[in-house]
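Letters go in sequence order (proteins before strands), and every chain restarts at 1.
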Protein chains: 2
Amino acid sequence: MTDSPQSPLWRSPVTSSDRLLLEMQRTIVEGEIASGSKISEPELARKFNVSRAPLREAMARLERCHLIERIPNAGARVVKLSTEGLRALYQIREELEGLACRLAAENMDEQEIEQLRGLLDQHLNSQRVREGESYYQEAGDLDFHYRIILGSKNPYLINMLCDELYFLVRMYRVQLGMNGPRVSRAFDEHKAIINAIANRDGELADLLMRRHIAASRGNIELKLQQLGK
Amino acid sequence: MTDSPQSPLWRSPVTSSDRLLLEMQRTIVEGEIASGSKISEPELARKFNVSRAPLREAMARLERCHLIERIPNAGARVVKLSTEGLRALYQIREELEGLACRLAAENMDEQEIEQLRGLLDQHLNSQRVREGESYYQEAGDLDFHYRIILGSKNPYLINMLCDELYFLVRMYRVQLGMNGPRVSRAFDEHKAIINAIANRDGELADLLMRRHIAASRGNIELKLQQLGK
DNA sequence: AAAAAATAAATTGTCGACAATAAGTTATTT
DNA sequence: AAATAACTTATTGTCGACAATTTATTTTTT
């Protein structure tokens, strides 16, 4: 993943607050800190061996990507996953990633499109080997979406999707998983999207991406209901 | 404007960092600190009579709403206005506010729609009195957009538009203005949008809002080019 | 005994000082 | 004289301590 100057969350971690952010993102996304639990600043500061200053800066950025919720003078809690939250999040995602596809069809150059195709082939191969391994698919799928978003060449869109929304999306997907039959279908949908972009058919790419995301949402929503939330 | 718990930027300023944020937002949006100029932390801390801790927290939030750009260990600069920036920003705005209209048509209750109508009448009257006064129109227009966004009832959408994008939008509009003929036309467009929402025609409301924003962009873009940027 | 008030404990917000990094200046070398 | 290197200055990042606010506990009152 290349660094982008517009995206402070994706630069190599130069400062200690950067490292903290990465670690806490992982911790929350993977559910090591329980959803909804309170975050104690002194406790975490001890745990990570840093002062509260960089910790608070990291927390401000965690709030920015919707992983925690803060109330002034009261404290911060890890966000809770819910059906309504998922719906609201994916409404935005559909819209913005659809736009990203339309712009990518206009703005990606041939080389970038070719690289995207290469990425997909690579995932297909590794998927044949590791059948049903959900984590690799997870990473691969996100990488696919990332590249298209970057291909839109719109800094604000990139910032919103990659820096602010994607960690929460990952949290839903990591904690509620993506199961068997959906995985292989997702590959086909990805392929169709690439084709539309390569044909410079932004309208179609937009439509296909929206459906792709809607299908993904349906899959996660099902799991949420099974768990009785 | 009511406080919304999801929007830390719009609560009443309880902490000193909140007050700083509001003041600096105003200062930057209205151009009191020149576009592109460097921000010195010690200098500003003296100016506002606070320590650097709340100042840095305020700056983190200024970065979040795209009013400043920070580079680690190097400092922060006030954002520069440009034609490309405007285009990228309004691309997102069209998409998200279009979505907001569609959702508002579904989710606003009759009372909220009636209040929105009242707001528009009120602006029409005050506009007859203060012909061509651009600042009031500015505030009124934003208020109109705000209410529709809130009417979408989508917390993420509200957060993105009201907390992260709108200050930069205001900066473009305040510094590059909105002139005579466009003002009265905007009123008609607002009226048409309300009607579509009242008729629960989300698709039409979406379309009208997109056009409304596109027209607004054209107007500002013209000014930018006249100033030779 | 339950509710309210007062007190105690803990947590968050803010401060001033120090350390690490970057920018600016002077001295040195080719 | 131009370019490089060493040094100085200034700015940012981090730390530990204090103040203000909230939460939990205890005491008092009805």
K.L.:
Out of curiosity, Q122(B) CD to L119(B) CG, how far, rounded to the nearest 0.5 Å?
P.N.:
6.0 Å
K.L.:
Could R170(B) and F167(B) be counted as a cation-pi pair, given that NZ or CZ must be under 6.0 Å from the ring centre and within 45° of the axis?
P.N.:
no
K.L.:
Find the distance R56(B):CZ to dT12(D):C1' and express it as a whole number of Å.
P.N.:
6 Å
K.L.:
Only counting residues at least two apart or in another chain, list the ones meeting salt bridge (Lys or Arg N to Asp or Glu O under 4.0 Å) with R102(B).
P.N.:
E95(A), D206(B)
K.L.:
Excluding sequence neighbours, so at least two apart, what forms salt bridge (Lys or Arg N to Asp or Glu O under 4.0 Å) with E112(A)?
P.N.:
K153(A)
K.L.:
Test of understanding: with side-chain contact (heavy atoms from CB on, under 4.5 Å), list the residues that count as partners of R77(A), not counting sequence neighbours.
P.N.:
K38(A)
K.L.:
In residues 38-51 of chain B, which residues come under 4.0 Å of DNA chain C by heavy atom?
P.N.:
V50(B), S51(B)
K.L.:
Through what angle, rounded to 10 degrees, does the axis of the helix from dA1(C)-dT30(D) to dT30(C)-dA1(D) turn between its ends, using five pairs per end?
P.N.:
10°
K.L.:
Consider only side-chain N and O atoms of E97(A) and H145(A), and report whether a donor and an acceptor are under 3.5 Å apart.
P.N.:
yes
K.L.:
Look at E23(B) together with R26(B) and state whether they make a salt bridge at an N to O cut-off of under 4.0 Å.
P.N.:
yes
K.L.:
Contact between S152(B) and I158(B) at the side-chain level, heavy atoms closer than 4.5 Å - yes or no?
P.N.:
yes
K.L.:
Give a yes or no on whether a salt bridge exists between R87(A) and E221(A), defined as a side-chain N under 4.0 angstrom from a carboxylate O.
P.N.:
yes
K.L.:
Shoot me the first and last contacting nucleotide of DNA chain C against chain B, ordered 5' to 3', at under 4.0 angstrom to non-hydrogen atoms.
P.N.:
dG13(C) to dA22(C)
K.L.:
Of S17(A) and N73(A), whose nearest nucleotide on DNA chain D comes first from the 5' end?
P.N.:
S17(A)
K.L.:
Just checking, is any N or O donor in the side chain of R93(B) or Y166(B) under 3.5 Å from an acceptor N or O on the other one?
P.N.:
yes
K.L.:
Nearest heavy atom decides the nucleotide; on that basis, is G75(B) or R52(A) closer to the 5' end of DNA chain D?
P.N.:
G75(B)
